[in-house]
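Values below: all heavy atoms of this structure, side chains included; hydrogens, waters and symmetry mates excluded. Small disclaimer: the values here were computed from a predicted structure and weren't measured. Along the sequence shown, residues carry numbers from 1.
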Amino acid sequence: MATHVSHISALQDEKLVTPYSEVAAKPQVKTDILVRLATFLQTTLDYQKILTIFKREIAGAVLIDGMTYQHSDHNIQFSLGKIHAHSCSYQLKAKNEGLGEITFTRATRFREHEMANLEALMGTLVYPLRNAIRYRAAIDQAFKDPLTGAGNRIALEDSLKRELELVKRHDLDLSLLMLDLDHFKPINDEFGHLVGDEVLKVVASKIKECIRQTDMYFRYGGEEFVVLLNNANIANARLIAERIRMGISSLVIQAQDSVIQPTVSIGLAVCKKETIASSTQDKDLIHRADKALYEAKASGRNKVCCAPYKSSPAEPT
């Protein structure tokens with residue numbers, strides 16, 4: 001029968017993990033293993049490398065086949081080795097800061113002294129892992145729009161260059177959507193910028209809800225957003241664009257004694273391998289999507305317009 005042991009480990013201050021009960025076996029871990037582990041864990045701020053080092057170095061004290069770490073607040077899920085039926089799990093915490101859950105698995109049951117060893121070893125993991133999570137969060141924030149949580153212009157430029165390289169390497173289609181909220185200035189003028197900011201946040205959330213997990217969305221500036229759809233031809237991209245348009249038009253946002261029902265106009269452009277001019281394609285793709293967006297605005301708003309497909313690369317006009 002599979003067993004699962006769950007522990008809430010008090011990893012606080014400079015103390016080691018407190019055993020889940022007073023009757024648990026005491027740890028029997030050599031000091032040199034703890035010193036070596038603590039030293040290695042402080043050589044990087046990459047949480048994946050930290051966990052890889054941890055799994056490797058604890059092999060001398062406890063045999064484990066697999067290890068899984070997850071932190072829902074930071075959208076992290078990372079696994080190493082083989083996952084088996086027998087497991088023991090720990091909620092990690094440094095002082096009052098939750099650091100997610102770590103689970104160890106193997107083909108045979110964990111004994112009391114082995115779990116005590118794991119708890120002692122995790123005392124060296126907590127603070128390096130906390131520093132790595134904080135570092136990752138700081139890097140993520142540097143590439144995010146602080147209001148909406150969408151990627152910022154820097155993130156867009158980096159992502160677009162990377163996606164264009166994938167187009168060239170793997171002959172995949174890349175589609176770009178340029179979105180602009182219709183009549184946004186009157187919202188700010190009538191209800192104020194705080195309400196306008198709330199509308200932008202709700203719209204960004206709806207965009208995220210409507211796209212695929214592999215797609216990326218960015219705030220381009222003001223009330224404009226860009227969505228990158230990798231491996232999406234014009235038909236697939238148009239379906240996603242229409243899903244976004246209809247999703248936003250269904251929103252009803254309460255504002256004082258009124259309601260706001262936003263709409264969005266969308267320009268769509270597609271890039272294929274044979275159309276890429278390496279030095280200009282990122283600007284050209286945005287330029288063509290922007291022209292299609294202008295067409296959508298000029299022809300009535302709240303619609304999707306597609307840029308003509310290019311048969312050969314050319315400089316933007």
Legend entry - Residue list, salt bridge (Lys or Arg N to Asp or Glu O under 4.0 Å) with K206, at least two apart or on another chain: E209

Inset, instruction - Keeping to residues at least two apart or across chains, list the salt bridge (Lys or Arg N to Asp or Glu O under 4.0 Å) pairs with something in residues 37-58. - result: R36-E57

Legend entry - Minimum-distance pair of heavy atoms, taken over all atoms of A61 and N117: O-ND2, 3.7 Å

Legend entry - Residue pairs passing the ring-ring contact (aromatic ring centres under 6.0 Å, His included) test where at least one lies in residues 190-232, sequence neighbours excluded: none

Legend entry - Summary of salt bridge (Lys or Arg N to Asp or Glu O under 4.0 Å) pairs that have at least one residue in residues 254-269, sequence neighbours excluded: none

Inset, instruction - Go through the structure and list residues passing side chain to side chain donor-acceptor pair (under 3.5 Å) with R111, not counting sequence neighbours. - result: none

Inset, instruction - Could you tell me which residues satisfy salt bridge (Lys or Arg N to Asp or Glu O under 4.0 Å) with E198, sequence neighbours excluded, listed by chain and number? - result: K201

Inset, instruction - Linking directly or through intermediates, with side-chain heavy atoms under 4.5 Å: list the remaining ILVMFWY members grouped with V259, chain and number order. - result: V252

Inset, instruction - Sequence neighbours left out, what pairs pass salt bridge (Lys or Arg N to Asp or Glu O under 4.0 Å) with at least one residue falling in residues 219-228? - result: D145-R219

Inset, instruction - Sort and list the pairs that fulfil salt bridge (Lys or Arg N to Asp or Glu O under 4.0 Å) and have at least one residue in residues 64-83, not counting sequence neighbours. - result: none

Legend entry - Sequence-distant partners of D32, salt bridge (Lys or Arg N to Asp or Glu O under 4.0 Å), two or more places apart: none

Legend entry - Partners passing salt bridge (Lys or Arg N to Asp or Glu O under 4.0 Å) against R212 (at least two apart in sequence or in another chain): D215

Please report, to 0.1 Å, the donor-acceptor pairs under 3.5 Å made by any side chain of residues 131-139, with sequence neighbours excluded.
from: N131; atom 1: ND2; to: Y127; atom 2: O; distance (Å): 3.3
from: R134; atom 1: NE; to: E97; atom 2: OE1; distance (Å): 3.3
from: R134; atom 1: NH2; to: E97; atom 2: OE1; distance (Å): 2.7
from: R136; atom 1: NH1; to: H74; atom 2: O; distance (Å): 3.1

